[in-house]
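Chain letters run A, B, ... following the sequence lines, proteins first, then strands; residues in each count from 1. Computed from a predicted structure; not experimentally measured. All values below were derived from every heavy atom in this structure, side-chain atoms included, with hydrogens, water molecules and symmetry-related copies excluded.
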2 protein chains.
Amino acid sequence: MSEGYLKGRIRRDDIVSAAAAVYGEAGYHASSLREIAKRAGITHAGLLYHFPTKEALLAAVLERRDAEDAVREQLNIPPGLDVLRHFLALAEHNVRHRGIVDLYSRLAAEAISEDHPAHAYFARHYREARDSIAQSFRALAETGELRPGVDPDLAALTFIALMDGLQVQWLTTPTQVDVIGSLRLSLETLLTVPLFPE
Amino acid sequence: MSEGYLKGRIRRDDIVSAAAAVYGEAGYHASSLREIAKRAGITHAGLLYHFPTKEALLAAVLERRDAEDAVREQLNIPPGLDVLRHFLALAEHNVRHRGIVDLYSRLAAEAISEDHPAHAYFARHYREARDSIAQSFRALAETGELRPGVDPDLAALTFIALMDGLQVQWLTTPTQVDVIGSLRLSLETLLTVPLFPE
DNA sequence: CCTACCGATCGGTAGG
DNA sequence: CCTACCGATCGGTAGG
């Protein structure tokens with residue numbers, strides 16, 4: 001691998017980081033290649049040398065997010081309480097890294113449109129998140145740790161939707177929203193056992 | 001009141017309706033005055049005769065939404081189960097009127113920014129919604145209809161955030177999201193009494 | 001309310 | 001990677 005290739009990869013990483021930051025602040029559509037390029041220290045035409053279109057850059061941002069998530073899920077936690085605790089820890093991490101939440105919340109709302117370049121990404125993301133959580137609720141149902149009569153799929157949808165809704169409200173009025181408290185309340189009312197036994 | 005004034009009010013209403021529709025499809029920033037004007041049957045310069053800036057038009061859209069909400073809340077339901085049932089009915093209404101949900105979800109995400117013209121509107125909207133629901137949960141706590149140990153304020157935050165999160169996920173993948181089922185599940189796990197006794 | 005226009009900004013391309 | 005440019009589109013204004 002030549003130095004040129006390495007430099008190119010580093011530069012591409014810088015651009016993707018700058019893009020993620022700008023998307024988080026302004027959303028995808030309102031972001032300009034010129035602003036992203038400026039933060040990466042090049043011209044917007046230079047940026048287009050690395051990423052041929054605005055959409056290709058968005059794809060790269062989402063791909064990196066997926067790669068990071070994959071690393072985190074490499075842990076391969078077995079379905080059950082630990083998965084729920086893991087998502088709670090993720091929420092705690094997010095509250096300390098506003099940029100990630102910003103990017104995600106804005107893109108998710110833009111991607112409602114079927115013709116948005118990130119629409120398929122979010123449709124898949126939601127389905128995978130619901131499936132993952134539902135699997136854990138099903139495991140908990142078998143051991144009697146899920147409240148009787150609660151549908152695991154509906155519980156999974158509820159948990160994911162709650163996380164998303166809390167994020168937007170927290171970003172808008174940070175001091176008035178207790179993200180972790182709400183998630184713990186929701187999980188504890190769905191379960192028959194405490195999340196964190198003393 | 002002269003015919004000219006009446007015609008002006010009707011025209012303004014048409015423009016606000018067109019704006020609400022376009023905001024719902026594209027968000028506020030991505031919407032153009034030319035597209036809104038075209039749907040209202042005038043030129044974009046003609047639109048600016050009625051609303052001096054793009055922001056003034058957004059303000060008019062939000063004001064009309066508030067006015068409609070005020071009419072609905074004129075009912076003045078006393079805090080308690082009926083308020084929760086009322087919000088559930090509102091959610092059922094929304095699922096049948098996608099445009100309203102679209103407008104709300106997109107604007108809410110854009111308005112995360114403190115400098116967005118609708119930021120203050122949403123900050124107030126969230127606070128009022130939380131206060132209204134919290135009041136009902138407090139009333140239910142006094143009569144033992146709220147699950148013991150559940151904080152009414154946290155329950156209110158949870159319910160509002162869940163509604164918002166469900167809407168975005170439903171708009172993105174409509175066939176896979178049971179909005180009403182999730183809300184009923186959430187309320188029923190928070191309460192000690194059934195929402196709809198048989 | 002319209003025609004006609006302005007300056008600014010956008011994504012993308014040519015050519016090096 | 002840059003300079004220089006293109007056509008398109010934007011919100012807003014002048015003048016009627």
Trainee: Under a 4.5 Å side-chain heavy-atom rule over Ile, Leu, Val, Met, Phe, Trp and Tyr, are A:Val177 and A:Val95 clustered together?
Mentor: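 Linked within one cluster.
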
Trainee: Tell me which nucleotide among D:dG11, C:dC2, D:dC1 gets nearest to the side chain of B:Ile42.
Mentor: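 The listed nucleotide nearest to B:Ile42's side chain is C:dC2.
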
Trainee: Can you list every stem that DNA chain C is part of, counting only runs of 3 or more consecutive Watson-Crick or G-U wobble pairs with both distances under 3.5 Å?
Mentor: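 DNA chain C stems, ordered by first number: C:1-16 with D:1-16.
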
Trainee: Measure CZ/B:Phe51 against P/C:dC1 and give the value in whole Å, please.
Mentor: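 Whole-Å distance recorded here is 11 Å.
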
Trainee: How are the rings of A:Phe122 and A:Tyr104 set relative to one another: parallel (under 30°), tilted (30 to 60°) or perpendicular (over 60°)?
Mentor: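 Plane angle between 30° and 60°, so tilted.
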
Trainee: Choose from D:dG12, D:dC2, C:dT3 the nucleotide whose nearest atom is closest to any side-chain atom of B:Thr43.
Mentor: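 For B:Thr43, the side-chain atoms sit closest to C:dT3.
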
Trainee: To the nearest 0.5 Å, how far apart are NE2 in B:His125 and OG1 in A:Thr172?
Mentor: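 Output value for this atom pair is 10.5 Å.
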
Trainee: Among D:dG11, D:dT13, C:dG11, find the nucleotide with the atom closest to the side chain of B:Ser32.
Mentor: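 For B:Ser32, the side-chain atoms sit closest to D:dG11.
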
Trainee: Does one side chain, of B:Glu145 or B:Thr143, offer a donor that lies under 3.5 Å from an acceptor on the other?
Mentor: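 Present: a donor and an acceptor within the cut-off.
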
Trainee: Among A:Asp153, A:Leu157, A:Leu154, exactly one meets side chain to side chain contact (heavy atoms under 4.5 Å, CB included) together with A:Arg130. Which residue is that?
Mentor: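 The side chain to side chain contact (heavy atoms under 4.5 Å, CB included) with A:Arg130 is passed solely by A:Leu157 among A:Asp153, A:Leu157, A:Leu154.
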
Trainee: I'd like to know if A:Ile100 and B:Ile112 are part of one continuous hydrophobic network [Ile/Leu/Val/Met/Phe/Trp/Tyr, side-chain heavy atoms within less than 4.5 Å].
Mentor: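 No, separate clusters.
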
Trainee: Just the rounded figure in Å: distance from P of D:dT9 to NZ of B:Lys38.
Mentor: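 Answer to the nearest Å: 10 Å.
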
Trainee: Using the side-chain heavy atoms of A:His50, tell me which of these nucleotides is nearest: D:dA4, D:dC1, D:dC5.
Mentor: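 Comparing D:dA4, D:dC1, D:dC5 against the side chain of A:His50, the answer is D:dC1.
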
Trainee: Does C:dC10 have its OP1 or OP2 closer than 4.0 Å to a side-chain nitrogen or oxygen of A:His44?
Mentor: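 False: A:His44 side-chain N/O out of range (4.0 Å or more) of C:dC10 OP1/OP2.
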
Trainee: Do B:Arg127 and B:Ser132 get their side chains close enough for a donor-acceptor pair, meaning under 3.5 Å?
Mentor: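 B:Arg127 vs B:Ser132: no donor-acceptor pair found between side chains.
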
Trainee: Could you state the CG-C1' distance from A:Leu33 to C:dC10, rounded to the nearest angstrom?
Mentor: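 Spelled out: CG on A:Leu33 to C1' on C:dC10 is 9 Å.
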
Trainee: Tell me which of B:Leu47 and A:Pro52 sits closer to the 5' end of DNA chain C, going by the nucleotide each one is nearest to.
Mentor: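 The 5'-side residue here is B:Leu47.
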
Trainee: Specify the separation, in whole Å, of atom CZ of A:Arg9 and atom P of D:dC1.
Mentor: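 Going from A:Arg9 (CZ) to D:dC1 (P), I get 14 Å.
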
Trainee: How many whole angstroms separate atom CD1 of B:Ile10 from atom P of C:dC1?
Mentor: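 So the CD1-P distance, B:Ile10 to C:dC1, works out to 11 Å.
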
Trainee: Counting only side-chain N and O atoms of A:Arg11, is one of them less than 4.0 Å from OP1 or OP2 of D:dC1?
Mentor: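 Yes, within the criterion.
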
Trainee: The side chain of B:Ala45 lies closest to which of these nucleotides: D:dT13, C:dG11, D:dC2?
Mentor: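 Looking only at heavy atoms from C-beta outward on B:Ala45, the closest nucleotide is D:dT13.
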
Trainee: Round to the nearest Å and state the distance from A:His29 atom NE2 to C:dT9 atom C1'.
Mentor: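 About 16 Å, once rounded to whole Å.
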
Trainee: Please report the distance, rounded to the nearest Å, between CD in B:Glu35 and C1' in D:dT9.
Mentor: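 In whole Å, D:dT9 C1' and B:Glu35 CD are 13 Å from each other.
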
Trainee: Starting at CD1 of A:Ile15, measure out to CD1 of A:Ile10 and round the result to the nearest 0.5 Å.
Mentor: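 CD1 of A:Ile10 is found 12.0 Å from CD1 of A:Ile15.
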
Trainee: How long is the line joining CZ of A:Arg34 and P of D:dA4, in whole Å?
Mentor: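 It works out to 14 Å between those atoms.
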
Trainee: Among C:dG12, D:dG12, C:dC1, which nucleotide has an atom closest to any side-chain atom of B:Tyr49?
Mentor: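 Of the options given, the side chain of B:Tyr49 lies nearest C:dC1.
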
Trainee: Counting any heavy atom closer than 4.0 Å, what does B:Leu48 reach on the DNA or RNA strands: base, sugar-phosphate only, or nothing?
Mentor: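 If one applies the 4.0 Å heavy-atom cut-off, B:Leu48 turns out to touch a base.
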
